[in-house]
Participant: 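Take a look at the following structure, please.
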Amino acid sequence: MPELPEVETIVKDLLGAVLNKKIVALKVFPGSERLFIKHRSSYFKKQLINHSVNHLSRHGKYIIFHLSEKKFLIMHLRMTGSMSVSTRKNSQLKYEKIRIIFSDDTAISFMDIRKFGTIDIVNTLDILKDKLGPDAISDEFNVEFLVDQLKRKQSSIKAALLDQRIAAGVGNIYADEACWDAKINPLAPAASLKKKQINQLCNSIKMVLNNSISNRGTSINNYMDLAGNQGYHQTKVAVYGRNGEPCIKCRSIIIKIRVVGRGTFYCPKCQNK
DNA sequence: CTTACAGCCTGGGTGC
DNA sequence: TGCACCCAGGCTGTAA
């Protein structure tokens, strides 16, 4: 599932394929109906065609295309979305839902197995500001911010880390990995953490995310990069998906529980508070 | 205000 | 080989 490091890898790879290109067509494939619940596909065509991609960025797990005339195309891959570079003439790719075609006949494709992905076109990014806190690898995501947010939380630290208004971009895998690195039990009440622990957790979150970016993301379940390749970070995970296996620090057996409906993996010895 | 949870989807895995 | 069932989880809407 694409979380911050996977989306970051996709955005970096996409940059050369879209920057300063003019959109001339939008191809819509069967099975894309859910993408057009909020606006019809004709609306997207009208908004996109003859606009250029001036810039590409990411906030949390959202991909943001900065278009000419101050419009923004916002995409979210959710669980199983992926992107690919294609051309105007390619036949439909597997699970391909839409294709954005440029004036040089190159194109980018959005694929999605489970149809949870979303797209939207907006005139300002205010909608993201309402939904998201600071991006988890940005300077605005720091110990002061985290202390302030966690003290008013009534939930577990795991639930707090999955809250995108707190840690935009952190998902289930990296929440577990960061808690393990910081030696914090995922069930610990968020408000119970001491400043020293929060400082460690903040550092662990950034470290885990940046390491994964260096490895082009974690391919567990369906994540693939633009070229259809897996990342390399799945061989580096310490706890996620490793229930029944020994902790790489203390050899205790990693256990799996459910927290806020998510599979949650931790070391009962290393993460005992 | 907060938190919890069902629902959205489909491929892959398991058990019979 | 086939079939029924379960699981994965990001986000939204609704309920408590």
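This one's a predicted model, so the numbers in the text were calculated from it and none came from an experiment. Throughout, protein chains are lettered first and strands after them, A, B, ... in sequence-line order, and every chain is numbered starting at 1.
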Participant: For the side chain of A:Lys97 and the backbone of A:Phe110, is there at least one donor-acceptor N/O pair under 3.5 Å apart?
Facilitator: no

Participant: To the nearest angstrom, how far is A:Leu35 atom CG from C:dG10 atom P?
Facilitator: 19 Å

Participant: Check the phosphate of C:dG10 against A:Gln164, side-chain N and O only, distance under 4.0 Å to OP1 or OP2. Yes or no?
Facilitator: no

Participant: Strictly below 4.0 Å: does A:His76 bring a side-chain N or O up to OP1 or OP2 of C:dC11?
Facilitator: yes

Participant: Got more than 12 heavy atoms from elsewhere within 6.0 Å of NZ, A:Lys71?
Facilitator: yes

Participant: Please state how far atom CE in A:Met79 lies from atom P in C:dA8, giving the value in whole angstrom units.
Facilitator: 10 Å

Participant: Taking CZ in A:Arg152 as the centre, count heavy atoms belonging to other residues, nucleotides or ligands within less than 6.0 Å. Is the count above 12?
Facilitator: yes

Participant: What are the residues of residues 111-124 of chain A, sorted by number, that bring a heavy atom to within less than 4.0 Å of DNA chain C?
Facilitator: A:Arg114, A:Phe116

Participant: Pairs counted only when both distances fall under 3.5 Å, Watson-Crick or G-U: show me the 5' to 3' dot-bracket for DNA chain B, [ ] for pseudoknotted crossings and | for other-strand partners.
Facilitator: .|||||||.|||||||

Participant: Tell me whether A:Leu150 shares a hydrophobic cluster with A:Val260, the cluster being built from Ile, Leu, Val, Met, Phe, Trp, Tyr side chains joined at under 4.5 Å.
Facilitator: no

Participant: May I have the distance from A:His59 (atom NE2) to C:dC11 (atom P), rounded to whole angstrom?
Facilitator: 11 Å

Participant: In whole Å, what is the span from the CD1 atom of A:Ile63 to the P atom of C:dG10?
Facilitator: 16 Å

Participant: Rounded off to whole Å, could you give me the CG-to-C1' distance for the A:Leu161 and C:dG9 pair?
Facilitator: 16 Å

Participant: How about A:Phe36 and A:Phe44: are their ring centroids closer than 6.0 Å?
Facilitator: yes

Participant: Within a radius of less than 6.0 Å around NZ of A:Lys249, do more than 12 heavy atoms belonging to other residues, nucleotides or ligands occur?
Facilitator: yes

Participant: Quick check for you: among C:dT12, C:dG9, B:dA4, whose closest atom lies nearest to any side-chain atom of A:Arg262?
Facilitator: C:dG9

Participant: Taking atom P of C:dG9 as reference, at what distance in whole Å does atom CZ of A:Phe265 sit?
Facilitator: 7 Å

Participant: Out of A:Val170, A:Asn210, A:Ile213, which residue meets the side-chain contact (heavy atoms from CB on, under 4.5 Å) rule with A:Leu4?
Facilitator: A:Ile213

Participant: Rounded to the nearest Å, what distance is computed from the CG atom of residue A:Asp163 to the C1' atom of nucleotide C:dT12?
Facilitator: 13 Å

Participant: May I ask whether A:Leu226 and A:Phe65 are part of the same hydrophobic cluster, defined by side-chain heavy atoms of I, L, V, M, F, W, Y residues being less than 4.5 angstrom apart, directly or through others?
Facilitator: yes

Participant: Is A:Lys256 touching bases, backbone alone, or none of the nucleic acid, heavy atoms closer than 4.0 Å?
Facilitator: sugar-phosphate

Participant: Could you point out which residue of A:His59, A:Arg58, A:Lys61 forms a side-chain hydrogen bond (donor to acceptor under 3.5 Å, both in side chains) with A:Asp135?
Facilitator: A:Arg58

Participant: Given B:dG11, is OP1 or OP2 found less than 4.0 Å from the side-chain N or O atoms of A:Tyr95?
Facilitator: yes

Participant: For atom OH of A:Tyr43, decide whether the heavy atoms of other residues, nucleotides or ligands shown that lie under 6.0 angstrom number more than 12.
Facilitator: yes

Participant: For atom P, what is the distance between C:dT14 and B:dC9, given to the nearest Å?
Facilitator: 16 Å

Participant: Would you please confirm or rule out a distance under 4.0 Å between OP1 or OP2 of C:dG9 and any side-chain N or O of A:Tyr240?
Facilitator: yes

Participant: Can you tell me how far C1' of C:dG13 sits from NZ of A:Lys131, to the nearest Å?
Facilitator: 13 Å

Participant: Here's a test of your reading of the structure: between A:Arg152 and A:Arg78, which maps to the more 5' nucleotide of DNA chain B?
Facilitator: A:Arg152

Participant: Of the listed nucleotides (C:dC11, B:dC9, C:dG9), which one gets closest to any side-chain atom of A:Arg34?
Facilitator: B:dC9

